[in-house]
Amino acid sequence: MTPTWAQLAYLVAAVCFILALKGLSSPKTARRGNLVGAFGAVLACAIVFFAEDLDNLMPILIAIVVGTVVGVVGARRVQMTQMPQLVALFNGVGGGAAALVALLELDELSRFAEAHIARFDMAATGFTILVGAVSFSGSLVTFAKLQELMTTRPVVFPGLPVAFGAALLASVGLSATLVFEPNLSWGIVLAFVGLALGVLLVLPVGGADVPIVISLLNAFTGLAVAAGGYVLGNAVLLVAGTLVGASGTLLTKLMATAMGRSLFNTLFGALKGGSTLGAGEASDRPVRSAGPQDIAILLGYANRVIVVPGYGLAVAQAQHTLRELVDVLGEKGIVVDYAIHPVAGRMPGHMNVLLAEAQVPYEQLKEMDEINGDFKHADVVLVVGANDVVNPAAKTTPGAPIYGMPILNADEAGQVIFMKRSMRPGFAGIENELLFDPKTTLLFGDAKDTMSKLLTAVKAL
Amino acid sequence: MTPTWAQLAYLVAAVCFILALKGLSSPKTARRGNLVGAFGAVLACAIVFFAEDLDNLMPILIAIVVGTVVGVVGARRVQMTQMPQLVALFNGVGGGAAALVALLELDELSRFAEAHIARFDMAATGFTILVGAVSFSGSLVTFAKLQELMTTRPVVFPGLPVAFGAALLASVGLSATLVFEPNLSWGIVLAFVGLALGVLLVLPVGGADVPIVISLLNAFTGLAVAAGGYVLGNAVLLVAGTLVGASGTLLTKLMATAMGRSLFNTLFGALKGGSTLGAGEASDRPVRSAGPQDIAILLGYANRVIVVPGYGLAVAQAQHTLRELVDVLGEKGIVVDYAIHPVAGRMPGHMNVLLAEAQVPYEQLKEMDEINGDFKHADVVLVVGANDVVNPAAKTTPGAPIYGMPILNADEAGQVIFMKRSMRPGFAGIENELLFDPKTTLLFGDAKDTMSKLLTAVKAL
Amino acid sequence: MSEPVVWLTIFVLSVFVGIEVISKVSSTLHTPLMSGANAIHGVILLGAILVTGAAESTVAVAVGVVAVVLATVNMVGGFVVTDRMLQMFVRRPPRQPQEPRS
Amino acid sequence: MSEPVVWLTIFVLSVFVGIEVISKVSSTLHTPLMSGANAIHGVILLGAILVTGAAESTVAVAVGVVAVVLATVNMVGGFVVTDRMLQMFVRRPPRQPQEPRS
Ligand SMILES: NC(=O)c1ccc[n+]([C@@H]2O[C@H](COP(=O)([O-])OP(=O)(O)OC[C@H]3O[C@@H](n4cnc5c(N)ncnc54)[C@H](OP(=O)(O)O)[C@@H]3O)[C@@H](O)[C@H]2O)c1
Ligand SMILES: NC(=O)c1ccc[n+]([C@@H]2O[C@H](COP(=O)([O-])OP(=O)(O)OC[C@H]3O[C@@H](n4cnc5c(N)ncnc54)[C@H](OP(=O)(O)O)[C@@H]3O)[C@@H](O)[C@H]2O)c1
């Protein structure tokens, strides 16, 4: 039995996790919240060494050191643009750990206490194995997609729904078997089915939807940890896992809503064929395009410029060049701000992180609500690799997939410049009337490339 | 041991209470929330008859019937203006019940299981007795104040702080004694000390602050019930009591903030002497006052009138006459709305209830944020028994007790009419510059009285 | 987990739930919320029933009966009065001014 | 209360806490919140330590060690990367444009 002082300390750790989530929900307290969470985690893991009777101390400590080094180095080295895949990876290994823990516990239970195992315990063990494995393999696939180790397009093959259904049935059957016949072999089979299920779940999801799926898998891992806590009789695991499971599920829904997507569509949209978002074709209506020199003049003689960065900026990694351009314009006395849409980029809030990393002064980063009234006073809006977040269809076209999503009022400015590679639509797969507006000029090409040309041209003015 | 199905049903009841509080926090779901709570309560109390082995069934059932009749009749008969004291009364009897339950349990424990009583159990029992008794007597005093069975002014006598301190010390001492010497007599003494403490706590609180104290005592009762749940080993009591205790404490703070008061000041302000709010003296600077006839002409020839009802309207019970007046004005084609300040009246949100009871159409009730922009277009603002909620000092005078509280912009209207009895200030005890404004006219007298004169005069136009 | 720690855990979690759940309430709803919360703690009725059901002496039963009555008043009255209050908040069809054309 | 009901109660309360606590988050913070929550479930490390500490066969210890490494990566990496992200959100003194007078 765990001593009472340790149980109380576990409770303190659980409270830390609650406070961490609370803190993370508000910009002012977010960083402190994260530190409180870290404190809780360290506390919980320190207690276990004093409160329980552990064998194999040496291997455990070495493993912790190894894990810490890997974790810290990974977290410090990664570029901010690769943040999403790193989070996916960390989530995956957590799920894997939960599955392994449950397998070991199953081994223990099935060998020593065959007669006494409560049905409910076995159900929870099976749940942890299954969900942990799903989270592990699913996260690895999202990682591969985001790291572009594989195509970011939805992967659909004819048998996929059948295979998915079969794996789902198998996992239910195996879990039931496990409840009545606790046995390590069944557990291992269940783990493999879980791995397959995770892969099949994530394959049909398109690249831009991946953040939603990462959040979902994150909630899954939370639930697996919670069930693991039940199996091990450890309250802090139960509370922490449940917190993450519940808040993660809500967060997934909030994220999907912020992107104007439904969760069901995100996961299974590609299977239904139909609207695979982002697959929209280029239109051939006439537009006005220009070269870097012309655009440089437009910018150089403006008084007020607003930059709208988007997904394409992140993909092209043009943020450093953009910052330089803005600096140069600033030196010319032009007032330049960045208008940050909450879901611009690859993940919600990603654009803030990207621009902050490129050392953009915080004062120039304006939230949507803050700057939306300023567009009508702007001479030029420079839209870099963004599309949906300035698409007026969100206001004017009921029925459009983004209808109702709040957008940046770029259409109110005097001149609009789009930097993109082609006439292809953005994530939502719908045409943007603003591209065809008489006051719009397009600067075609990869953002990084054209941005440096533009920079040279502006410097030369 | 309670059977498992009953434990699960208790859990369902606890969840109902959570959902009830959640529902009650939003206007759309409030009524449903309350019903969900009632369902949970009925469920919890029904279960106990099936799950536990009870003697004395007859007396219990009769008592429930009696209590139900009293509760329903009381709740249905009460006038909406007397709502605050009814809530206080209901809270008090709940606290009393908790104290009695704990006393009976103490009797039981001390007689049968002397050796086995855990210290912590006794501490919780003592807590329930003490806090339940405080809540009981404190609520009765607030009831007496609101029902004007006694003065609504703060009651302070020289020995009060000493008596309070002595009672506090005694209660701590007795609780400690109880832990080491479980004994019914000590429990009864503790209950009486609690009763005294409750009285001493509430006496120095002024009438207008009473709602804050009711909310605080409500939280107290919640905590007493929670501790009682621990003593009885009943989870639904623990959860329900804790929910009420925690949310009640926060609510008390929110209420105090909405009224621009600190909780400490509310409770102990009068003891420190100094700023007993509401005690402000009448100023003798010149003002313009007029009779009902003149005011009737002002109103009758306006196009747009906004009525600002306040505390004085509730005290004078003039809401029905006011509604008639507004109807008559409406018949003349004048657009009339009510501007409802969130803390106008005797309790937060009270004004909505009062006007709704007087059958004021919901459409004419405008929240502060909704109507504050309209004042500049209004020809006449009719301020009935309100003062602080239109006092511009909240915007202009840093240091004023209400500084920072959002107010209704009555000062932006063309003409302002105040209906009040004298030049005495309102709750916050500070002068209202708007009373001396050249565009302000005062109509002195009790609101009910002058309102019917005004009504007659308007009808005669 | 040991019994007291279990109760403490449930207590702590309930505190968080209680606080978070009402943290967004608008001040217009303060009074009905207070009244509804007040009704909820009327569930002490359950406790009153339990102790009265276990009481043996006549005095204990009498005290228990008083507790049951008080708790029932708190619970039933609390929910009924809250409902009455909230009825007033419900959006109703506009009321016609009496004979507007007269 | 019986053991499973206790756990269920704690689970249910935690669900409410988890949902309520983040229900007001602005979409700018979605990513750090996800990352922070991700780090929190790294506390499965505690479970990994427990089972490894009780493992007897070499295979079990080896599997346990893998679990400990994975869980540590999740936990430590998660908190560090979240912190790095959040550093970026902090208001910093404005950066001077390079040599504005040149
Ligand atoms: N932030 C998030 O959390 C998140 C996550 C998933 C989905 N979403 C969704 O993504 C959309 C975000 O809006 P957004 O305006 O930022 O992006 P968007 O609407 O997807 O538009 C991105 C634009 O960037 C261009 N682009 C792509 N690569 C480029 C490159 N290398 N150089 C230059 N341009 C490039 C693309 O046009 P070309 O192909 O012609 O170059 C495309 O029009 C919203 O619909 C949102 O709901 C957001
Ligand atoms: N709603 C709540 O929850 C609550 C609870 C406690 C405190 N408060 C505080 O109370 C204040 C409420 O503002 P308020 O503007 O509604 O009230 P107020 O500022 O207190 O003013 C009420 C006015 O009504 C007049 N009055 C009193 N009895 C009257 C009668 N029979 N006939 C005519 N007039 C009468 C008084 O003047 P005469 O004496 O000259 O007649 C007084 O100036 C705020 O400061 C608020 O913070 C509110």
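Convention: sequence-line order gives letters A, B, ...; per-chain numbering from 1.
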- Contact origin within A48(D) toward chain A - heavy atom pairs under 4.5 Å: both
- Note on the structure: Given L33(D), V6(D), V66(D), V80(D), the one with more heavy-atom pairs under 4.5 angstrom with chain A than any other is L33(D)
- Going through the distances and angles, do M85(D) and V87(A) end up as a side chain to side chain contact (heavy atoms under 4.5 Å, CB included)? CA-CA 11 Å; M85(D) 250 185 256; V87(A) 174; 4.1 Å; yes
- Name the member of N34(A), V244(A), L86(A) that forms the most heavy-atom pairs with chain D at distances under 4.5 Å. N34(A)
- Item | Proximal component of T68(A), with respect to chain D [non-hydrogen, under 4.5 Å] | both
- Query: Are C45(A) and M75(D) side-chain neighbours, meaning at least one heavy-atom pair lies under 4.5 Å?
  - Reply: yes
- Message: As an exercise: rank I49(D), L45(D), L13(D) by heavy-atom pairs under 4.5 Å with chain A and give me the winner.
- Response: I49(D)
- Item | Validation row: L250(A), S23(D) side chains within 4.5 angstrom (heavy atoms) | yes
- Message: Looking at chain D, which one of A240(A), S25(A), A13(A), A246(A) has the largest number of heavy-atom pairs inside 4.5 Å, strictly under?
- Response: S25(A)
- Within the distance-only criterion (no hydrogens, no angle test), does the side chain of N56(A) pair as donor or acceptor with the backbone N or O of A55(D) below 3.5 angstrom? yes
- Query: Using non-hydrogen atoms only, which part of E367(A) is less than 4.5 Å away from chain D: side chain, backbone, both, or neither?
  - Reply: side chain
- Query: Top residue by heavy-atom pair count (under 4.5 Å) with chain D, among D53(A), N234(A), T252(A)?
  - Reply: N234(A)
- Task: Kindly indicate, with the supporting measurements, whether the criterion side chain to side chain contact (heavy atoms under 4.5 Å, CB included) is fulfilled by T31(D) and V353(A).
- Result: CA-CA 10 Å; T31(D) 298; V353(A) 174; over 6 Å; no
- With only heavy atoms counted, which part of F120(A) is less than 4.5 Å from chain D, the side chain, the backbone, both or neither? neither
- Query: So how far is it from T52(D) OG1 to I60(A) CD1, rounded to the nearest 0.5 Å?
  - Reply: 5.0 Å
- Message: To the nearest 0.5 Å, what is the distance between OG on S35(D) and CG on L24(A)?
- Response: 8.5 Å
Donor-acceptor pairs under 3.5 angstrom involving side-chain atoms of residues 91-106 of chain A: please list them, not counting sequence neighbours.
{"unit_1": "N91(A)", "atom_1": "OD1", "unit_2": "T221(A)", "atom_2": "OG1", "d": "2.9"}
{"unit_1": "N91(A)", "atom_1": "OD1", "unit_2": "H41(D)", "atom_2": "NE2", "d": "2.9"}
{"unit_1": "N91(A)", "atom_1": "ND2", "unit_2": "S139(A)", "atom_2": "OG", "d": "3.1"}

- Query: Between atom CG of L251(A) and atom CD1 of I19(D), what is the distance when rounded to the nearest 0.5 Å?
  - Reply: 12.0 Å
- Query: Are any of the side-chain heavy atoms of M34(D) and M255(A) separated by less than 4.5 Å?
  - Reply: yes
- Query: Is there a side-chain contact between P27(A) and L29(D), using heavy atoms and a 4.5 Å cut-off?
  - Reply: yes
- Does D83(D) reach the side chain of L35(A), with side-chain heavy atoms less than 4.5 Å apart? yes
- Inter-residue atom distance F16(D).CZ - T242(A).OG1, 0.5 Å rounding: 13.0 Å
- Query: What closest approach, in Å, do V65(D) and P59(A) show between heavy atoms, and which atom pair accounts for it?
  - Reply: CG2-CB, 3.7 Å
- Item | Residues V21(D), I18(A); criterion side chain to side chain contact (heavy atoms under 4.5 Å, CB included); working and verdict | CA-CA 8 Å; V21(D) 130; I18(A) 297 175; 4.2 Å; yes
- Message: Only pairs of heavy atoms separated by less than 4.5 Å count here; which of T257(A), I64(A), V48(A), L89(A) has the most with chain D?
- Response: I64(A)
- Quick one: what part of R77(A) sits under 4.5 Å from any heavy atom of chain D, side chain, backbone, both or neither? backbone
- Item | chain D contact via P211(A) - side chain, backbone, both or neither, heavy atoms under 4.5 Å | backbone
- Item | Largest heavy-atom contact set with chain D, pairs under 4.5 Å, which of G245(A), G229(A), G233(A) | G233(A)
- Query: Should V51(D) and E108(A) count as side-chain neighbours, where that means a heavy-atom distance under 4.5 Å?
  - Reply: no
- Task: Measure the shortest side-chain to side-chain distance between P4(D) and Y230(A) over non-hydrogen atoms and say whether it is less than 4.5 angstrom.
- Result: yes
- Against chain D, work out which of G248(A), G241(A), A226(A), A235(A) has the most heavy-atom pairs shorter than 4.5 Å and name it. A235(A)
- Side chain from CB out, backbone as N, CA, C, O: work out which of these in A20(A) comes under 4.5 Å of a heavy atom of chain D, or both, or neither. side chain
- Message: How about NZ on K24(D), more than 12 heavy atoms from neighbouring residues, nucleotides or ligands closer than 6.0 Å, or not?
- Response: yes
- Query: Which atom names give the shortest non-hydrogen contact between F11(D) and L238(A), and what distance separates them?
  - Reply: N-CD2, 4.3 Å
- Query: Given the options V59(D), V61(D), V68(D), I40(D), which has more heavy-atom pairs under 4.5 Å with chain A than any of the others?
  - Reply: I40(D)
- Item | Close side-chain approach of V239(A) and I10(D), heavy atoms under 4.5 Å | yes
- Message: Which one wins on heavy-atom pair count under 4.5 Å against chain A: V76(D), V25(D), L46(D)?
- Response: L46(D)
- Distance (rounded to the nearest 0.5 Å) between N38(D) CG and I214(A) CD1: 9.5 Å
- Item | Y10(A), part contacting chain D, at a heavy-atom distance under 4.5 Å | side chain
- Is chain D contacted by the side chain of V78(A), its backbone, both, or neither, given a heavy-atom distance below 4.5 Å? both
